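Data first, discussion second: the structure below is written as structure tokens.
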Amino acid sequence: MTTVGSGGLRDDVRRIIVSDIFRPLHNKGEWKVLVVDELAQKIINSCLKLTELLDNGITLIENIRAEDGSGGRKVRGRQPLAYLDAVYFLRPSPENLEIIRKDFGEARDDYKNRLYKTGHIFFTEMISDEDLTSLAKSDAAPFIKTVKEVNVAFLPLEERVFSLDNRTDP
């Protein structure tokens with residue numbers, strides 16, 4: 001676990017994301033897809049530069065809701081990239097968990113029903129025991145290699161200012 005320093009909230013959250021999420025998964029020459037929800041996208045945009053994502057093996061950022069156009073917005077669907085691992089960074093909401101299960105389809109040994117090769121899931125806050133058990137018993141379970149709570153469910157705005165971004169997802 002990363003310790004927080006005196007560089008301000010943005011720097012602390014950046015260090016946590018890089019050292020607890022990206023660095024342990026990064027193998028030189030391997031690329032991954034980062035799948036985020038709205039809050040995680042704001043956190044990433046607030047704390048990290050594109051070059052930091054690239055340096056840590058992230059080649060593409062996708063919104064988890066892109067396939068259904070949630071929120072009344074027209075959004076293109078996510079393309080299947082069954083040869084890449086996905087790093088999910090998001091809230092443990094029932095909607096997000098259901099989409100993760102669908103991302104890996106019903107077939108356990110066949111790439112054609114999956115969007116990604118494997119998944120590494122990092123939640124911005126605590127997941128309930130019930131939801132974790134449900135995910136562990138799903139058809140997606142064999143493809144999920146990491147599940148971790150990072151506990152950064154706030155938006156760092158300045159050195160000592162943050163927002164809880166308490167809007168409810170549509």
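Computation of the quantities below employed the complete heavy-atom set of this structure, encompassing side-chain atoms and omitting hydrogens, waters and symmetry-equivalent molecules. Along the sequence shown, the residues carry numbers beginning at 1. Source: prediction; values computed, not measured.
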Going by side-chain contact (heavy atoms from CB on, under 4.5 Å), name the residues that satisfy it together with [X], two or more places apart in sequence or in a different chain.
X: Thr51; answer: Lys49
X: Thr59; answer: Trp31, Leu84
X: Asp131; answer: Leu97, Ile127, Ser128
X: Asp85; answer: Lys32, Lys117, Thr118, His120

Using modelled atom types and a 3.5 Å cut-off, is there a donor and acceptor pairing between side-chain atoms of [X] and backbone atoms of [Y]?
X: Ser46; Y: Ile43; answer: no
X: Asn27; Y: Glu30; answer: no
X: Ser19; Y: Arg15; answer: yes

Residues that Asn45 engages under side-chain hydrogen bond (donor to acceptor under 3.5 Å, both in side chains), provided they are two or more places apart: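 Result, side-chain hydrogen bond (donor to acceptor under 3.5 Å, both in side chains) vs Asn45: Gln41.
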Under 4.5 Å between side-chain heavy atoms, counting indirect links through other Ile/Leu/Val/Met/Phe/Trp/Tyr residues: same cluster for Val147 and Met126 or not?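 No, Val147 and Met126 fall in different hydrophobic clusters.
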Checking Glu98 now: which residues fulfil salt bridge (charged side-chain N to carboxylate O under 4.0 Å, His left out) with it, not counting sequence neighbours?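 Counting only residues at least two positions away or on another chain, Glu98 forms a salt bridge (charged side-chain N to carboxylate O under 4.0 Å, His left out) with Arg101.
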So Val36 and Ile61, do their side chains get closer than 4.5 Å, heavy atoms only?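 In short, these two side chains touch, coming nearer than 4.5 Å.
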Side chains of Leu81 and Leu115: does their closest heavy-atom pair fall under 4.5 Å?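 Counting from C-beta outward, Leu81 and Leu115 never come under 4.5 Å.
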If the test is side chain to side chain contact (heavy atoms under 4.5 Å, CB included), which one of Ile144, Val87, Val35, Asn96 qualifies with Ile121?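 The side chain to side chain contact (heavy atoms under 4.5 Å, CB included) with Ile121 is passed solely by Ile144 among Ile144, Val87, Val35, Asn96.
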Measure the acute angle between the ring planes of Tyr88 and Phe104, then classify it against the limits of 30° and 60° as parallel, tilted or perpendicular.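 The rings of Tyr88 and Phe104 sit tilted, inter-plane angle from 30° to 60°.
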Grab the two heavy atoms, one from [X] and one from [Y], that are nearest each other, plus how far apart they are.
X: Glu125; Y: Glu149; value: O-CG, 3.8 Å
X: Arg65; Y: Ser93; value: NH2-OG, 3.9 Å
X: Ala141; Y: Ala136; value: CB-O, 3.2 Å
X: Phe122; Y: Asp20; value: CE2-O, 3.6 Å

Look up atom CG in Leu50 and atom CD1 in Ile44, then write down how far apart they are to the nearest 0.5 Å.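 That separation rounds to 11.5 Å.
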Quick check for you: to the nearest 0.5 Å, what is the distance between Leu25 atom CG and Lys145 atom NZ?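 Reported to 0.5 Å precision, the distance equals 12.5 Å.
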Using a 6.0 Å distance limit plus a 45 degree cone around the ring axis, check whether Arg91 lies over the aromatic ring of Phe123.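 Arg91 over Phe123 ring: no.
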